Amino acid sequence: MTHVVTLNAGSSSLKFGLFELGGSDPVTVCTGAVDRIGEPGTFVKARTVDGEVLANGTPGAMPDHASALDWVLVLLGRTYPECEITAVGHRIVHGGPDIDTPLPLTAMSITALDKLSPFAPLHQPHNLAGVRAAMARFPNAVQIACFDTAFHRHHPWENDVFALPREYYDKGVRRYGFHGLSYEYISDHLAETAPLLHAGRVVVAHLGNGASMCAMIGGRSVGSTMGFSALDGLPMGTRCGQLDPGVLLYLMEQEGLSASEISDLLFKRSGLLGLSGLSNDMRTLERADTRETRQAISYFTFRIRRELGAMSAILGGIDALVFTGGIGENSRLVRDRVCSGMGWLGIELDPDANADNDRIISTNLSRVSVMVIPTNEELVIARAAADLLAAQPNEARA
Ligand code: ADP
């Protein structure tokens, strides 16, 4: 039986999955993550699809992604000694302006993707480090890249530009949009389970540590709250979300902050963490219930409502609102705050269904279907790998 490993390398984490190929859809065998790579207290967790815990703890120092990948491979090799890895699928944050589909990776394409690192300096180099490490460990497997930007590449021009002189657009300063693998999963899921909604106007709110929203028509992106970088749009766990560019000028000119200090501020010290002064974790904020934590949640849901209104205006109304990501899938409070008073848009929440995290949390009379759909970015990567292997087995393996 052949298998695909999926890898999702963040700045200090490596999420992974093992999938069995051969049937109509890849089957999840196990998933897991290595967190705090290169920091004290590296933490690992892994469990099978049936919930059996394969790892949970602190295995000792892991200085880089290659050592984290080694740990993953030892775990997989020990647990599934019979397993043949024919492909490794990678989540790559940036595909640039042209890539709109998964691609087999070669040394040449990695060099080309490296040139996009200035567009995503905190993510792209780590993603490619994961690819290089996987190539060294699995020299005979096909390496496949799945891009977070690809899903949005056919959005309208107005959603692709900033009102800067054109030369910057030509240099790649565009609105790319991210979280594309999550949106693709939701789009595919709707196509299978609710084809009429899939054909219609849908807003998806991916609310996790990173958070964004996507407006879709017919299952395709027509707009995203994230833009040139993964900073724009909604406030996130530690990222600021939408910011007046004048604030950056002020920080540089009056506060004397350097580019790297500003980067640290906007990516790591802002958002829910910055506003609450306590935590980036929604569960902690909900439990703490102080003035600051209430205000942080309030700003988070206010921005989601604002973007929902803007997207609905562009779409000419909506047929479905989908919540996903750790917060979207689990926080009844956030969903309730986002949906309350949205009757004008046709949204009527069923409080019991919302409290139970049901799949459909709107009432029978609600004109808009409000849904909770757990995302599965790893499965999107595994499917891309299976499709690529099936479509071009010889070329891809060459
Ligand atoms: P990432 O973007 O790192 O993949 P996740 O999608 O796992 O993040 O989302 C993490 C967020 O989900 C955290 O803010 C966490 O507090 C929140 N979350 C998870 N479970 C719950 C819950 N039961 N109630 C509220 N928030 C939750």
Side-chain angles (χ1 to χ4, degrees), residues 6-17 31-37 39 43-47 91 93 120 122-123 126-127 130 146 148 177-186 204-214 224-226 229-241 267-289 292-294 296-301 303-304 322-339 354-358 361 372-381:
T6 61
L7 296 178
N8 175 358
S11 52
S12 62
S13 68
L14 180 68
K15 293 182 183 160
F16 65 93
T31 54
V34 181
D35 273 320
R36 303 174 69 100
I37 299 168
E39 299 169 24
F43 189 82
V44 296
K45 58 186 175 187
R47 57 175 57 211
R91 179 182 178 183
V93 70
L122 297 185
H123 294 95
H126 298 291
N127 296 163
C146 298
D148 259 330
F178 297 89
H179 285 141
L181 301 182
S182 177
Y183 294 130
E184 187 173 334
Y185 176 81
I186 301 295
V204 183
H206 176 108
L207 310 177
N209 270 319
S212 72
M213 292 165 71
C214 178
S224 158
T225 57
M226 277 183 173
S229 73
L231 277 178
D232 201 5
L234 305 178
M236 306 171 217
T238 60
R239 287 175 247 165
C240 58
F267 274 99
K268 298 185 178 157
R269 296 196 284 126
S270 298
L272 295 173
L273 173 65
L275 281 177
S276 70
L278 178 71
S279 172
N280 63 314
D281 193 294
M282 185 57 78
R283 279 166 299 200
T284 308
L285 301 187
E286 287 186 10
R287 273 197 303 266
D289 199 26
E292 288 77 16
T293 59
R294 282 195 296 273
I297 296 173
S298 202
Y299 181 66
F300 184 64
T301 53
R303 293 298 314 200
I304 297 168
V322 178
F323 287 98
T324 192
I327 299 172
E329 292 163 26
N330 296 295
S331 175
R332 59 190 279 195
L333 175 79
V334 167
R335 293 191 303 250
D336 180 64
R337 291 277 185 82
V338 169
C339 294
N354 185 40
D356 291 345
N357 288 329
D358 283 354
I361 58 171
V372 177
I373 304 179
T375 195
N376 193 341
E377 290 154 310
E378 278 69 30
L379 183 59
V380 173
I381 299 174

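On a predicted model such as this, the values are computed, not experimentally measured, just so you know. All ligand and atom numbering here is 1-based and tracks the order in the structure. Only this structure's heavy atoms are used, side chains among them; waters, hydrogens and symmetry mates stay out.
Of the protein's non-hydrogen atoms, Ile327 CG1, 3.6 Å is the one closest to atom 17 (C) of ligand 1. Scanning all protein heavy atoms for the shortest distance to atom 23 (N) of ligand 1 gives Asn330 CB, 3.3 Å. In this structure, the protein non-hydrogen atom closest to atom 7 (O) of ligand 1 is Gly326 CA, 4.3 Å. The nearest heavy-atom contact from the protein to atom 27 (C) of ligand 1 is Arg283 CG, 3.6 Å.
Residue Gly210 places a heavy atom under 4.0 Å from ligand 1.
Taking only nitrogen or oxygen atoms, main chain and side chain alike, His206 does not reach within less than 3.5 Å of ligand 1. The shortest N or O to N or O distance between Asp281 and ligand 1 is under 3.5 Å. Here's the thing with Leu207: none of its N/O atoms is less than 3.5 angstrom from an N/O atom of ligand 1. In terms of polar-atom proximity, defined here as any N/O pair under 3.5 Å, Met282 does make such a contact with ligand 1. An N or O contact shorter than 3.5 Å is missing between Gly325 and ligand 1 by distance.
A 4.5 Å side-chain heavy-atom check between Phe323 and Cys339 finds at least one atom pair inside the cut-off.
Between the side chain of Asn127 and the backbone N or O of Val93 there is at least one donor-acceptor pair closer than 3.5 Å. The backbone N or O of Arg332 sits nowhere less than 3.5 Å from a side-chain atom of Asp336 that would complete a donor-acceptor pair. Judged purely by atom type and a 3.5 angstrom limit, Thr6 has no side-chain atom pairing as donor or acceptor with the backbone of Glu378. Between the Arg239 side chain and the Ala230 main chain, a donor and an acceptor come within less than 3.5 Å of each other.
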Inset, instruction - Please test Glu286 against Val334 for side-chain contact (heavy atoms from CB on, under 4.5 Å), starting from the C-alpha separation and ending with a verdict. - result: CA-CA 9 Å; Glu286 287 186 10; Val334 167; 4.3 Å; yes
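Between Asp35, Leu285, Asn280, Asn209, it is Asn209 that holds the heavy atom closest to atom 10 (C) of ligand 1.
Contact annotation: for Lys15 versus ligand 1, heavy atoms closer than 4.0 Å belong to the side chain alone.
Results of the side chain to side chain donor-acceptor pair (under 3.5 Å) test with Ser182 over Thr375, Thr324, Asp148 single out Thr375 as the only residue that passes.
Aromatic ring pairs are classed by plane angle as parallel below 30°, tilted from 30° to 60° and perpendicular above 60°; the pair His179 and His206 is parallel.
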